[in-house]
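Below is one structure, written out as structure tokens; the observations come after it.
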Amino acid sequence: MLDKLNEIEKAALEDLSSITEQTALDAWRVSNVGRSSPLMQIFAGFGKLSKEEKPIVGAAANRVKVALESALEEKTQAVKYAALAKSLSEEKLDITLPGREVNIGRLHPANQQLRRVLAILAEMGFQVYTSREVETDEMNFQMLNFAPHHPAREMQDSFYVESEGREDNPILMRTHTSPGQIRAMREAVATNPQNPPPIRIALPGMCYRYEQITARSEIQFNQVEGLAVGEGITFADLKGTLTDFARRMFGKDARVRFRASYFPFTEPSAEVDVECFVCGGKGCQVCKNSGWLEILGCGMVHPNVLQNGGYDPKRYTGFAFGMGPERQLMLRNKINDIRYFWGNDLRFLEQF
Amino acid sequence: MKLPISWLKDFIDLDGITVEDIARKLTLAGLEVDEILYAGLPMPTYGAGEKHEFKTNGIAWDKEKIVVAEIREVKEHPNADKLTLLDLYDGQQEQVVLTGAPNIFHLKGTGKLPKPIKVAYAKEGATIYDGHADGLVLTTLKRAKIRGVDSYSMVCSEKELGITGEHEGIILLDDDAPVGMSLADHIGDAVLDISILPNMARNANVIGIARELAALTGRELRKQVNTETGKQPSTLNLQPVTDLVEIEITNSELNPRFVAGLIRGVEIKPSPYQIQRRLKLAGIRAINNIVDATNYAMIELGEPLHAFDYDVLKERAGEKKIKLITRPAQEGEELVTLDGEKRKLTSMNVLVCDEKSSLSLAGVMGGTESEVTQNTRNVLLEGAAWNFINIRRTAKQHNLPSEASFRFSRGVHPALAETGVKRGLQYMAAWANGSIAPGLVDVYPLKPKDSVVEVTPKDVKRLLGIELTLEQIAELLSRLEFKCEITDHHLQVTAPAHRMDIDEGVVGLADVLEEVARSYGFDKIPTTTISDALPPQAGNPIHEWEEHLRDLLVAIGMQEVVTYRMTSPEREGRVIAHGEYVRIANPIAPERSVLRQSLLAAVLEVAEKNARAESIVMFEVGSIFEPVKNDLPNEPRKLAIVMTGARSASAWDVKAAPAFDFYDMKGRIELLLAGLRYTDIVYAETESTYSLHPGKSAEVKINGQVVGVFGELHPLAKEKYEFGDAPVIVAEFDLEKLRTLNPSYGIIPVSEFPPMYEDIAIILDESVAASAVEALIRQTGGKTVTDVRLFDVYRDEKIGAGKKSLAYSLTYQAAKTLTDADAAAIRNKIVKRLENTIGAKLRS
């Protein structure tokens with residue numbers, strides 16, 4: 001009997017070892033541990049055994065049963081994993097096929113850049129001040145120390161708006177956001193004429209110059225100006241503020257230099273160059289081999305402008321600066337055609 | 001302005017400073033160098049990968065291989081008529097050089113030259129520009145046989161040496177050029193191209209730049225004329241010019257000063273080569289010694305001069321003394337200017353006349369009749385001061401930009417008139433062998449007041465943030481020729497007699513402090529943070545709200561665009577009715593002649609341009625412009641949205657999605673308004689709008705107020721654009737209205753009890769609006785019905801003509817676990833209400 005059990009075990013395990021899939025496994029279970037399997041027949045014939053044989057055969061039959069069941073268990077797992085491994089290997093994707101497109105929204109790149117600039121300025125205490133786009137000659141030029149026929153007006157050719165009887169003060173498209181400086185100062189003075197409060201504002205917005213539309217010139221462009229007015233604001237403060245700004249805008253190691261320049265509404269005036277962030281100052285196409293990029297114009301607010309804004313230039317000083325977000329983007333992204341911005345081709349816009 | 005370094009060196013010692021250093025110093029001080037053109041001087045060398053700091057062009061001349069040589073004889077070429085062979089001595093040995101230069105051709109076969117001709121000689125191996133190539137192509141001289149004669153070197157033209165583009169003949173150097181000397185040492189140069197800012201007009205001359213450099217380097221400025229180029233004037237026993245010429249100024253505002261000098265017995269011929277070369281490098285054409293002298297003095301000093309043929313004036317005056325009169329032109333008066341143009345004048349133009357008629361357009365261009373010609377023997381030289389505004393307008397009116405008008409229209413100090421005439425005469429004497437008549441006619445009715453400004457160290461500290469002593473301030477300003485007097489506590493500063501840009505009082509102080517800062521060096525001023533108080537923080541609610549609006553639109557999946565403000569009524573006429581426009585008086589083109597009145601029209605144009613894109617959802621937030629007669633226009637803010645194309649992107653395994661329609665736009669508007677926290681929203685049929693499909697458009701009312709419209713573009717409007725088949729869905733909102741409504745804040749609490757869902761489908765008349773059904777369901781269901789979702793609209797013969805089926809999914813939710821019985825009760829109530837109110841039938 002024991003020999004028979006050993007034979008059953010041996011034959012069953014031998015059968016099991018060659019099985020690789022579930023149906024064969026099911027059949028094996030029926031024929032080896034099923035009710036009518038030889039092993040179970042032995043359990044069924046238990047009653048016919050002698051008293052002496054019972055415990056010996058019982059223990060042996062149980063051992064074989066446990067052995068077969070655990071072998072079955074093991075095999076079941078193995079078959080399952082083999083099947084999974086097979087299906088996983090068959091389910092392999094072509095991972096190089098393109099991902100599915102998602103339609104998302106974006107801000108216009110110029111406004112993205114405007115936001116970057118305004119966010120930095122806001123943290124530096126400059127609050128946004130917006131004003132109208134169509135202005136008078138008085139606000140756009142005269143109040144900003146551009147005398148009539150001043151050569152500096154040639155730097156800002158204007159679009160004029162048709163009107164009658166306004167020869168002395170024609171209406172025009174603002175050429176810079178600077179008229180907002182006068183408006184902001186006057187509003188501040190109105191709140192406290194004897195002791196006007198300090199001013200720290202950022203003036204963003206669209207400006208217009210009479211140009212032909214080419215790769216290098218546009219009839220409209222965004223500008224952001226900054227204005228700080230108070231008692232005790234110096235050129236050294238201007239340098240400090242704009243150096244900080246440049247570091248925030250172009251990286252903490254950005255080197256800047258201040259170059260004397262001219263704007264009618266500031267004196268002294270300067271251009272701020274930042275070390276070329278494309279080549280690191282070594283010289284490249286973007287910086288025209290100079291190693292520097294012109295990014296800002298600035299200066300101490302001209303006494304006449306303070307006066308026109310209602311601030312006594314003997315008591316107050318201030319500085320102003322201006323920059324072009326589109327120009328910054330062009331430099332940063334090596335955009336060589338300014339017409340991309342208002343061309344609004346989705347193939348351009350979607351790159352930002 | 002183009003400035004040859006060699007010329008600069010007449011006035012300041014620049015030894016030990018490289019050309020690039022000079023350029024850098026000038027650039028930082030506000031005289032931006034745009035380009036350096038090398039014409040002979042050694043160019044700076046850079047390692048691999050390093051680039052020039054400045055835009056650099058030109059050529060350096062090899063000191064060994066390009067030298068001064070002399071031609072001793074011009075011989076025939078045995079095999080070529082148009083070529084000659086030169087016997088040439090290069091300081092070391094005799095050479096035979098082949099040339100085709102036309103300007104020595106006439107000497108061919110004349111034997112040994114009585115006076116050798118000095119030339120620029122490039123030896124074998126020298127690198128020069130190819131004279132025959134288009135543009136600038138470098139070439140290295142190699143040995144070759146030309147028509148049977150060995151050729152290995154060359155006498156050079158200006159083009160070959162990079163001085164000008166001229167290749168018509170070879171350079172003929174001055175007689176005193178030392179044979180054998182390296183040409184680079186003799187006339188090697190570098191030219192700085194400097195941008196002159198409007199407030200730097202005083203520096204648009206060699207001395208001006210030299211003065212700035214003197215201030216920047218602490219070196220001495222030599223203002224006297226270079227003795228190498230100008231001989232001392234010879235004054236024989238000539239009649240003083242004051243006996244021969246008188247001047248009358250009729251309007252001293254327009255002509256504050258007029259100076260005239262006379263030189264006699266001039267011999268018109270080319271100027272010395274050194275002079276011609278400098279003029280050419282400065283961008284001025286060399287004409288003859290007299291004209292060159294006026295130009296040379298102008299470039300050197302900044303005072304434009306005008307030379308008259310004295311004998312022409314004398315003849316016109318007849319027996320009388322020559323009288324020059326300056327006066328405004330009469331309307332319609334004519335003058336033929338030097339360029340041969342007959343100019344029709346206005347009263348704005350100022351003329352220099354004699355008693356017979358006009359002679360020249362003051363400060364801008366001379367007339368033909370009295371111009372210097374080959375036959376001129378006596379020259380009357382004019383140096384004057386003109387009103388800069390007047391000159392600027394005149395030059396603009398007649399489109400006559402010139403070196404003279406460039407300077408006069410930016411202001412030239414009257415003091416320079418006298419210096420200029422003296423210097424011009426001196427050069428004429430030197431180059432044309434003339435004799436200067438004693439004295440000058442000098443009428444100076446309007447002498448500008450010298451600006452005097454008081455400066456204290458406190459002023460410097462207050463504006464610039466640096467501590468300087470009175471002595472330091474005085475030192476910085478003196479370098480720029482300000483006269484400085486130190487008294488107890490302040491400095492009295494007088495502006496020098498070449499500056500028109502220094503005011504007095506508080507503005508004058510700023511003018512002077514700017515000069516202190518420039519002279520001190522912007523780079524040396526420290527960087528500090530503002531110590532002044534921060535202003536009260538007010539923010540900019542309108543701007544912030546618009547930024548929030550943009551964020552919502554972007555989050556909904558829209559692409560922002562920014563378009564032109566200038567358009568034309570025709571372009572906008574495709575979607576809006578023509579109205580009164582804000583018109584541009586000087587448009588760049590007819591299609592940009594007015595300011596836009598429709599933001600939607602602008603966005604539609606952009607969408608049209610992108611019509612090939614699979615899917616377009618774009619918006620713009622911006623101003624439109626409404627005219628106000630003879631006053632500033634209104635600039636209301638608008639939002640425009642345009643959608644067209646596929647609802648979602650196609651992919652390699654997904655076919656094109658259906659096209660956007662009315663409800664895609666509506667869904668987005670619902671999201672937008674929810675984001676703005678508006679709840680009382682009604683979508684109503686619109687009154688006839690110009691550009692919208694009458695049946696597929698709606699107006700949006702919030703709190704009972706219309707804030708915008710949206711819908712499908714009217715087929716007739718769409719037809720005017722080049723769109724594809726897909727409908728174009730548009731929306732436009734008035735931002736002022738949208739912004740100023742009362743938002744409602746608050747949330748619907750999220751219940752912890754399980755919701756129940758139930759669908760009901762009803763059949764009802766086509767005419768009943770879905771919004772009415774939903775409103776009834778919500779009203780009847782009360783708070784327990786937390787969501788009503790239309791999931792199907794169905795029309796079929798089976799349900800009958802003029803009928804539709806609407807299927808809703810309802811969500812019940814209460815502060816307890818609802819039972820089936822609870823749901824049934826609400827449902828029955830709703831169905832009954834729908835039956836009674838709008839005749840709806842439950843669909844089985």
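The basis for the numbers below is simple: all heavy atoms, side chains too, and nothing from hydrogens, waters or symmetry mates. Lettering follows sequence order; numbering is per chain, from 1. Values in this document were obtained by computation on a predicted structure and should not be read as measured data.
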> Checking E515(B) against chain A: side chain, backbone, both or neither under 4.5 Å from a heavy atom?
Replying inline: neither
>> Checking N630(B) against S163(A): is there a side-chain donor and acceptor pair closer than 3.5 Å?
In response: no
> Which region of L346(A), side chain (C-beta onward) or backbone (N, CA, C, O), has a non-hydrogen atom less than 4.5 Å from a non-hydrogen atom of chain B, or is it both or neither?
Replying inline: both
> So how far is it from R592(B) CZ to I213(A) CD1, rounded to the nearest 0.5 Å?
Replying inline: 5.0 Å
> By a 4.5 Å heavy-atom criterion (distance strictly below it), what part of R132(A) contacts chain B: side chain, backbone, both, or neither?
Replying inline: both
> Quick one: what part of P98(A) sits under 4.5 Å from any heavy atom of chain B, side chain, backbone, both or neither?
Replying inline: both
> Which bit of Y316(A) is near chain B, if near means a heavy-atom gap under 4.5 Å: side chain, backbone, both or neither?
Replying inline: backbone
>> Counting only non-hydrogen atoms closer than 4.5 Å, does V606(B) touch chain A with its backbone (N, CA, C, O), its side chain (CB onward), both, or neither?
In response: side chain
>> Counting only non-hydrogen atoms closer than 4.5 Å, does L172(A) touch chain B with its backbone (N, CA, C, O), its side chain (CB onward), both, or neither?
In response: neither
>> Taking the six-membered ring of W652(B) as reference, does the cationic atom of R100(A) (NZ for Lys, CZ for Arg) lie under 6.0 Å from its centre and within 45° of its axis?
In response: yes
> What's the spacing between D273(A) CG and L28(B) CG if we round to 0.5 Å?
Replying inline: 8.0 Å
>> Please find the pair of heavy atoms, one from T529(B) and one from D237(A), that lie closest to each other, and give the distance.
In response: O-OD1, 3.2 Å
>> So for R518(B), is it side chain, backbone, both, or neither that comes closer than 4.5 Å to the heavy atoms of chain A?
In response: side chain
> Any donor and acceptor pair, going by atom type alone, linking the side chain of K239(A) with main-chain N or O of F522(B) inside 3.5 Å?
Replying inline: yes
> Taking atom CZ of R462(B) and atom CD1 of I233(A), what is their separation to the nearest 0.5 Å?
Replying inline: 11.0 Å
> Measuring from L595(B):CG to F159(A):CZ, what's the distance to the nearest 0.5 Å?
Replying inline: 10.0 Å
> From F263(A) CZ over to L197(B) CG, what is the distance, rounded to the nearest 0.5 angstrom?
Replying inline: 8.0 Å
> With a 4.5 angstrom heavy-atom cut-off, which part of A201(B) approaches chain A: side chain, backbone, both or neither?
Replying inline: neither
> Given that the side chain runs from C-beta out, which part of P627(B) has a heavy atom under 4.5 Å from chain A: side chain, backbone, both or neither?
Replying inline: neither
>> Report which part of Q112(A) has an atom under 4.5 Å of a heavy atom belonging to chain B: side chain, backbone, both, or neither.
In response: neither
> Just checking, is any N or O donor in the side chain of Y581(B) or E162(A) under 3.5 Å from an acceptor N or O on the other one?
Replying inline: no
>> Does any part of the side chain of E544(B), heavy atoms only, come nearer than 4.5 Å to the side chain of V128(A), both counted from C-beta?
In response: no
> How many angstroms lie between atom CE of M618(B) and atom CG of N344(A), to the nearest 0.5 angstrom?
Replying inline: 7.0 Å
>> Is D244(A) in contact with chain B via its backbone, its side chain, both, or neither, using a 4.5 Å heavy-atom distance?
In response: side chain
>> Report which part of P198(A) has an atom under 4.5 Å of a heavy atom belonging to chain B: side chain, backbone, both, or neither.
In response: both
> With only heavy atoms counted, which part of A29(B) is less than 4.5 Å from chain A, the side chain, the backbone, both or neither?
Replying inline: backbone
>> Is R257(A) in contact with chain B via its backbone, its side chain, both, or neither, using a 4.5 Å heavy-atom distance?
In response: side chain
> Of the backbone (N, CA, C, O) and the side chain (C-beta and beyond), which part of Y208(A) lies under 4.5 Å from a heavy atom of chain B, both, or neither?
Replying inline: side chain
>> I'd like to know if the side chain of R115(A) and the backbone of E547(B) have a donor-acceptor N/O pair within less than 3.5 Å.
In response: yes
>> Need one label for Y129(A): side chain, backbone, both or neither, based on atoms under 4.5 Å from any heavy atom in chain B.
In response: backbone
> chain B heavy atoms under 4.5 Å from S158(A): which part of the residue, side chain, backbone, both or neither?
Replying inline: backbone
>> Between N540(B) and Q127(A), is there a side-chain donor-acceptor contact under 3.5 Å, judged purely by atom types and distance?
In response: no
>> Is L242(A) in contact with chain B via its backbone, its side chain, both, or neither, using a 4.5 Å heavy-atom distance?
In response: neither
> Which region of R647(B), side chain (C-beta onward) or backbone (N, CA, C, O), has a non-hydrogen atom less than 4.5 Å from a non-hydrogen atom of chain A, or is it both or neither?
Replying inline: backbone
> Where on E231(A) is there a heavy atom nearer than 4.5 Å to chain B: the side chain, the backbone, both, or neither?
Replying inline: both
> Which region of A649(B), side chain (C-beta onward) or backbone (N, CA, C, O), has a non-hydrogen atom less than 4.5 Å from a non-hydrogen atom of chain A, or is it both or neither?
Replying inline: both
> Okay, side chain of N586(B), backbone of Y160(A): is any donor-acceptor separation there less than 3.5 Å?
Replying inline: yes
